[in-house]
Every structure is written in structure tokens, then in C-alpha cells.
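The chain is numbered in sequence order, starting from 1.
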Amino acid sequence: MGMSGLKLLKYVLFFFNLLFWFCGCCILGFGIYLLVHNNFSLFPSLTLGNAFVIVGSIIMVVAFLGCMGSIKENKCLLMSFFFLLLIILLAEVTMAILLFVYDQKLNNYVSTSLTESIQQYHSNNSTRATWDSIQTFLQCCGVNGTSDWGGHPPASCPSNPQVQGCYAQAKLWFHSNFLHIGIITICVCVIQVLGMSFALTLNCQIDKTSQALGL
């Protein structure tokens, strides 16, 4: 690969990461908006706003390292970008394995957390908004049914007396969209592997170019 190939690879990696940096900015901005206005939360240790802020921040940092490392041809930044992507990829694989191994424990934790959040429906505005949104979107009521509301379901519950609980409906929605979720997950992993490959290739080409120029 000559100088033209090195420049092409450098700019491909730069614009690739610039796009993801803007995506990270949008995710971070949306997370901050949720934190300020209406932070959806069904679990005590996790809110939707916090999740978006964390994910957006990570994407911005990693993409920034990729942008600067490629455009400046800085080996240190490129290798930092490579190792961060590798750590994220390993974390995703580990999380997928843990979710598979501890599937039943996770189901019990989610069910318990949802049941506890119902108790905060009338005292917490964000919890109320979240439950209303979920029940409207999934056409469900409570965790296991209308009985979870003590005989007084909110207006967001469907009027159908045979309506299912949101826990069962959420699992049904996940299984019906499993193919799309799987494709998106695979695409994200492929993009990460491509980014790592580009960074490693560019790093090697910088070494070869430096040796050829006698630097």
C-alpha cells in the first residue's frame, strides 16, 4: 500500500469516526434532555437518561480518539482507539454470555423491580410517565395484569378485561423482534471489528512509511 492508499485509509477512518462522534453527541444530548425534563425510570439503579448519557459519552470519547489518531497519524491515539474498541467488544460478548447464563435470575429481578415501581406510580412523575408510555405502547396493564393496580388501574391501561401484563407483553415483543435486534447487534459488532482493523492497518502503514522515509 503506497502513500495514496495510506491517505485513503486515513480519511475513511476519520470520516467513519466523525459520523459516530456526531451520533454520540445526539445520544448524549437526548440523555441530558431526559435527565432535565422527564427521566424515565423503572429500576432504582438505572434510568433511561443515565443510560443514554453513558453510552453517548463512551461513543464520543472513542470516536474522538479515532478521528484525531487517523487525521494526525498518531500511533498512540490509534492504539488507544483500538484497545478501547476491543474492551467494548469483549464487554458486549461477556454481557451476552451472562444474560444467557443468568436468564432466570434476570427475569426475576426485572419482575421484582417492575412490581416495586408500581408502588411509586402516584408519587413519582417520571415513573408514572414511564408506565403510561409502556402500557399504551404494548397495550398491557401492570406487571402481570390489572390486579397489580389493586382494582384501580390507570387510564393508560386498555379497557379489555383480558388484557395481559406488561412483563409477558414485553417478552412477546422481544421475541417477535428478535431477528431485527440480532441483525442490529451483529452490524454493531461488525462495525467495531472494521474500526479495529482499519486502526491496526493504518498503524502498521505509518510504521512502514516512516521506515521507507528513513524516519
Side-chain angles (χ1 to χ4, degrees), residues 19-20 22-60 88 91-92 94-189:
L19 175 63
F20 277 91
F22 280 118
C23 290
C25 288
C26 293
I27 294 173
L28 177 61
F30 185 61
I32 293 173
Y33 172 82
L34 288 179
L35 286 174
V36 172
H37 291 86
N38 192 8
N39 198 10
F40 285 5
S41 173
L42 285 178
F43 306 103
S45 57
L46 179 65
T47 64
L48 192 59
N50 287 336
F52 274 106
V53 168
I54 292 171
V55 171
S57 299
I58 291 174
I59 292 175
M60 286 181 65
I88 293 171
E92 290 170 349
T94 303
M95 186 180 297
I97 294 173
L98 290 175
L99 289 176
F100 178 76
V101 173
Y102 296 103
D103 178 63
Q104 189 57 48
K105 288 185 177 180
L106 179 65
N107 287 337
N108 293 336
Y109 172 75
V110 171
S111 179
T112 302
S113 298
L114 289 174
T115 302
E116 291 175 354
S117 71
I118 282 183
Q119 310 304 321
Q120 304 174 17
Y121 181 85
H122 296 290
S123 60
N124 189 302
N125 290 334
S126 64
T127 301
R128 180 166 38 307
T130 304
W131 268 111
D132 288 341
S133 298
I134 290 175
Q135 291 181 148
T136 302
F137 176 72
L138 295 177
Q139 287 296 290
C140 58
C141 189
V143 180
N144 300 304
T146 54
S147 59
D148 291 331
W149 295 105
H152 301 284
S156 56
C157 278
S159 56
N160 181 6
Q162 303 298 323
V163 64
Q164 283 190 308
C166 293
Y167 183 64
Q169 282 292 92
K171 290 180 69 175
L172 182 64
W173 179 89
F174 177 81
H175 287 302
S176 63
N177 291 277
F178 183 77
L179 178 61
H180 300 96
I181 295 172
I183 291 174
I184 292 173
T185 303
I186 291 172
C187 289
V188 170
C189 291

Check side-chain contact (heavy atoms from CB on, under 4.5 Å) between [X] and all other residues, then give those that pass, not counting sequence neighbours.
X: L19; result: none
X: S57; result: L28, V53
X: C25; result: W21, M60

Please name all residues satisfying side-chain hydrogen bond (donor to acceptor under 3.5 Å, both in side chains) with [X], sequence neighbours left out, ordered by chain then number.
X: Q162; value: none
X: E92; value: Q192
X: S156; value: D132, Q135

Sequence-distant partners of [X], ring pair (Phe, Tyr, Trp, His ring centres under 6.0 Å), two or more places apart:
X: Y167; value: none
X: Y102; value: none
X: Y121; value: W149

Quick one: side chains of residues 171-182, donor-acceptor pairs under 3.5 Å with protein atoms, not counting sequence neighbours, listed by atom name and distance.
{"unit_1": "S176", "atom_1": "OG", "unit_2": "L172", "atom_2": "O", "d": "3.2"}
{"unit_1": "S176", "atom_1": "OG", "unit_2": "W173", "atom_2": "O", "d": "2.8"}
{"unit_1": "N177", "atom_1": "ND2", "unit_2": "W173", "atom_2": "O", "d": "2.8"}

Open item on the list: So, taking the atom named OG in S117 and the one named CZ in R128, what distance separates them when rounded to the nearest 0.5 Å?
Closed with: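 Going from the OG atom of S117 to the CZ atom of R128 covers 13.0 Å.
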
Open item on the list: Please report the interatomic distance CD1(I32) to CG(N50), rounded to the nearest 0.5 Å.
Closed with: 11.0 Å

Could you report the tightest heavy-atom contact between [X] and [Y], atom names first, then the distance?
X: V163; Y: P158; result: CG2-CG, 3.8 Å
X: Q169; Y: Q164; result: OE1-OE1, 2.6 Å
X: I27; Y: F52; result: CG2-O, 3.2 Å

TODO: Apply side chain to side chain contact (heavy atoms under 4.5 Å, CB included) to the pair L114 and V110, showing each step before the final yes or no.
DONE: CA-CA 6 Å; L114 289 174; V110 171; 3.9 Å; yes

Open item on the list: Suppose the criterion is disulfide (SG to SG under 2.5 Å): which pairs have a residue in residues 98-145, not counting sequence neighbours?
Closed with: C140-C166, C141-C157

